[in-house]
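Every heavy atom of this structure was used, including side-chain atoms; hydrogens, water molecules and symmetry mates were not.
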Amino acid sequence: MFRDRFWLSLLLTVPVVIWSAHIEQLLGYTAPVFPFSARIPAALGTLVFLYGGLVFLRSAAGELRARQPGMMTLISLAITVAFVFSWVVELGVLRAEALWWELATLVTIMLLGHWIEMRSIQQAQGALKELAKLLPDEATRITSGGTETVAVSELREGDKLLIRPGERVPADGTIVRGSSTLDEAMITGESRPVERGVDDEVIAATINGDGVLEIAVTGTGEKTKLSGIMRLVADAQSSKSRAQLLADRAARLLTWVAIGSALVTLVAWLAVGATIDVAIVRVVTVLVIACPHALGLAVPLVVAISTAIGARHGLLVRDRRGLEEARKLDTVVFDKTGTLTLGEFRIVALAMADGVTREQVLRLAAGVESQSEHPIARGIIRTASEEGIEMPTVSDARGLPGRGVAATIDGVTYEMGGPALLEERSADVPASLTATVSDAKKGGQAVIYLLQDGRVLAALAIADAIRPESYEAMRALHALGVQVTMMTGDAREVANAVAAELGIDDVLAQVLPEDKARHVREIQESGRRVAMVGDGVNDAPALATADVGIAIGAGTDVAVEAGHIVLVRSDPRDIPRIITLSRASYRKMVQNLWWAAGYNIVAIPLAAGVLAPWGIVLTPAIGAVLMSLSTIIVAVNAQLLRRARL
C-alpha cells in the first residue's frame with residue numbers, strides 16, 4: 001500500500017515542483033505557461049494530500065482516539081498545517097508564499113520512508129512465511145488398495161503415509177516401517193541428518209533421506225510441531241519487551257516535545273519579525289523532523305530479527321522478556337536427567353580382562369541381553385548399536401532369577417549379572433578391572449559383569465549417560481562468566497560424579513520435586529540472576545520461578561508452557577547461544593535508541609532555525625529526508641544483528 005501510494009504521489013509531485021514559483025526562482029528557469037498552469041501546484045498538491053496523506057490522517061485519528069498521540073499525529077499535523085496554510089494563501093486571504101511543493105515532497109518522502117520501514121519489518125518477520133513454505137502441498141496416503149495422492153489438508157490422525165527418498169514429511173507422525181536419515185535442520189537447527197527407525201517420531205516439514213518410510217500420522221494442521229513453532233515466533237515478535245515499552249514512552253514524550261517546540265518556534269519567529277509564511281515553514285519543519293519514527297522502529301525491528309534468528313537456531317522465544325533478561329544471567333541451574341544426561345542408560349565405562357577386546361565385550365553383552373526388556377539391558381544394547389556392533393545369533397537365552405541372564409553365542413554360554421552372580425559362581429574380579437569397578441561404585445553407577453565358565457571377562461559400568469554436547473555447553477557458559485549449578489533428585493554420589501565430569505560449579509542433590517522452586521528462590525535471594533533449564537513436570541514450578549525459564553522442547557508440554565524460552569532440540573549448548581543472542585540484541589536496541597534520541601536532540605533545534613543567523617535553514621522536504629534517513633540507519637543497524645555468531 002505504501003509502495004503504490006508512493007509511486008503515484010511521486011508522479012503527481014514532479015509537476016508540482018516544476019511549476020512552483022519558488023523552485024523556478026531557485027533554479028533559474030521558467031516553466032511552460034498555459035491556461036491554468038499557475039494552478040497546477042494547488043490542484044496536484046491537493047491530490048497528493050488527499051491520496052498520499054490520507055493514510056497518515058487515518059492513523060493519526062486512531063492514535064487520538066486511543067489518547068496516545070505519536071508519530072502519525074505529528075506527520076498529520078505537519079501536512080495539515082501546510083495544506084490549510086497553502087489554501088489560505090491560494091484563496092488570497094493571506095499574502096504569503098504557499099507551501100505546495102513542500103507539502104507534496106513531504107508526503108512523498110514520508111510514504112517512501114514508511115515503505116522502506118515496512119519492508120524491513122516484513123523481511124525480519126519472513127521467518128514465518130519461510131516456515132509455512134516448508135510443508136508440502138500433497139501427501140501419499142496408503143490405502144487398502146495401494147496408495148493415493150491427497151492434499152495435506154485432508155490428512156487425519158491415524159492415516160498411514162508413504163514417504164519416499166528426498167520428500168518432505170507432510171505431517172507429524174511415528175515410523176511404522178522402514179528406517180532412514182532425516183534432515184531436521186529447518187526445525188531443530190541440527191545441521192547433521194539424524195537416524196530414524198521404527199517407533200521413532202518424525203516432524204512435519206523435515207526432509208527424508210535415502211530410505212523409504214511408512215508413518216502413522218499423529219498431528220496435522222495446527223497440531224504439528226511446525227505450527228506450534230510458528231505460533232511461538234508470531235507471539236514473540238508481537239510481544240513487547242521492557243526496552244520496547246521504554247521506547248514507546250519516549251516516542252509519546254517526544255510527540256509532546258515536538259508539538260511544544262513547534263508552538264515555541266511559531267511564536268519566536270513571529271516575535272523577531274518574520275512573515276507568517278516563514279514562521280509556518282519553520283513549524284512544519286519542526287513537526288516533520290521530530291517524528292519519532294526511528295525511535296518507534298528502534299526496538300521492534302530488533303525484536304523481530306532476534307526472534308527469527310532464534311527460531312532458525314532452534315531457540316523459540318515464548319516471552320520476549322525472557323530473552324531480554326538472559327543477558328543479565330550469572331547462574332544457570334540445570335536439571336540433570338534428560339537435560340545434561342540422555343535420560344537413558346548407557347555403558348559409561350568398560351574394563352576388559354586380558355586377551356578380550358572392547359568390540360568382543362560389546363557384541364557378547366548385547367547378545368546375552370538381547371531378550372531382556374530391563375532398562376539396563378536396553379542401555380547395553382543401545383551402546384553396542386551406537387558403536388556399530390552387529391548383534392550375534394543367540395540361542396538358549398534365559399533369566400537367572402535374582403542374579404542376571406544367560407545365553408549361548410557361537411556355541412559358548414555366557415552370563416551377565418551383578419555381585420550376586422559373582423558370589424554364586426565364586427568368581428574373582430581380575431585386578432585389571434578393580435579400578436573401574438571402584439570408580440563406578442563411588443559414582444553410584446551400576447556394575448554388570450560378563451562371565452564365561454565362571455571367569456570374569458569384563459566389568460561394565462551402567463548409568464544415565466552424559467550428553468556429549470554437555471561438555472561443550474559447560475565450557476561455553478564458563479567462558480561467558482556464568483556459574484553452573486546442577487539440581488537433581490538423584491543420590492549425591494551420582495550427582496557429584498556427573499558434576500565432576502562436566503566441571504559444574506555447584507550441586508544440589510536429592511532434591512524433592514516440590515523443593516526445586518524453593519532452591520531457585522534461595523539462589524535468587526543471594527543476589528544472582530538465575531535461569532532454570534528443565535524438561536519434566538516437576539521442573540515447571542522452578543521454570544516459572546526463575547528469572548528465565550528454559551524448557552527442553554523434547555520434554556513435557558507442562559514444562560514447555562512454563563518456560564520463557566523453548567529449546568526445540570535437547571541440546572544444552574543452546575543455553576550459551578541464548579545468552580549470546582540476548583546480549584547482541586540488547587546492544588542493538590541500545591545503539592538504536594541512542595541514535596534515535598540523539599538525532600532528535602540535534603535535529604529539533606536545527607529545524608526550528610537556531611542556525612538561521614548564519615544562513616543555515618532546513619526546508620520541510622529536507623527535514624523529511626533527514627527523518628527518513630534516521631529511520632533507515634536504525635533499520636540497517638538492526639539488520640546487522642544477523643551477523644551475530646551464536
I'd like to check [X] versus [Y] (side-chain heavy atoms, cut-off strictly below 4.5 Å). Are they in contact?
X	Y	value
W595	N637	no
V590	R587	no
I579	L477	yes
V17	T105	yes
I276	F85	yes
L581	H313	no

Please check if the number of heavy atoms outside D137 that lie under 6.0 Å from its CG is greater than 12.
no

Are more than 12 heavy atoms from other residues, nucleotides or ligands located less than 6.0 Å from atom CZ of F36?
no

[X] (side chain) donor-acceptor with [Y] (main chain) under 3.5 angstrom:
X	Y	value
R168	A205	yes
R3	W115	no
E24	A31	yes
W101	T13	no
Y586	A326	no
R282	A607	yes
E63	T73	yes
W269	I280	no
S76	F56	yes
S582	I578	no

Might you point out which heavy atoms bring [X] and [Y] nearest each other, and give the distance in Å?
X	Y	result
A82	S86	O-OG, 2.7 Å
L606	V610	N-CG2, 4.2 Å
V302	A638	CG2-CB, 3.9 Å
G322	H564	CA-CB, 3.8 Å
V286	A258	CG1-O, 3.9 Å
L111	S9	CD1-OG, 3.4 Å

Checking V107 against R5 for the side-chain contact (heavy atoms from CB on, under 4.5 Å) test, could you report, in this order, the C-alpha distance in whole Å, the side-chain angles of both residues, the deciding distance, and whether it holds?
CA-CA 10 Å; V107 170; R5 286 179 185 258; over 6 Å; no

Any chance you could measure [X], atom [atom1], to [Y], atom [atom2], to the nearest 0.5 Å?
X	Y	atom1	atom2	value
L567	L315	CG	CG	6.5 Å
D172	L155	CG	CG	11.5 Å
L57	T80	CG	OG1	5.0 Å
K588	I305	NZ	CD1	9.5 Å
I40	S20	CD1	OG	11.5 Å
I259	L77	CD1	CG	6.0 Å

Quick one: do K328 and E325 make a salt bridge, cutoff under 4.0 Å?
yes

In sequence, state the C-alpha distance, the side-chain angles, and the governing distance for M532 and T545, and then conclude on side-chain contact (heavy atoms from CB on, under 4.5 Å).
CA-CA 8 Å; M532 173 69 195; T545 302; over 6 Å; no

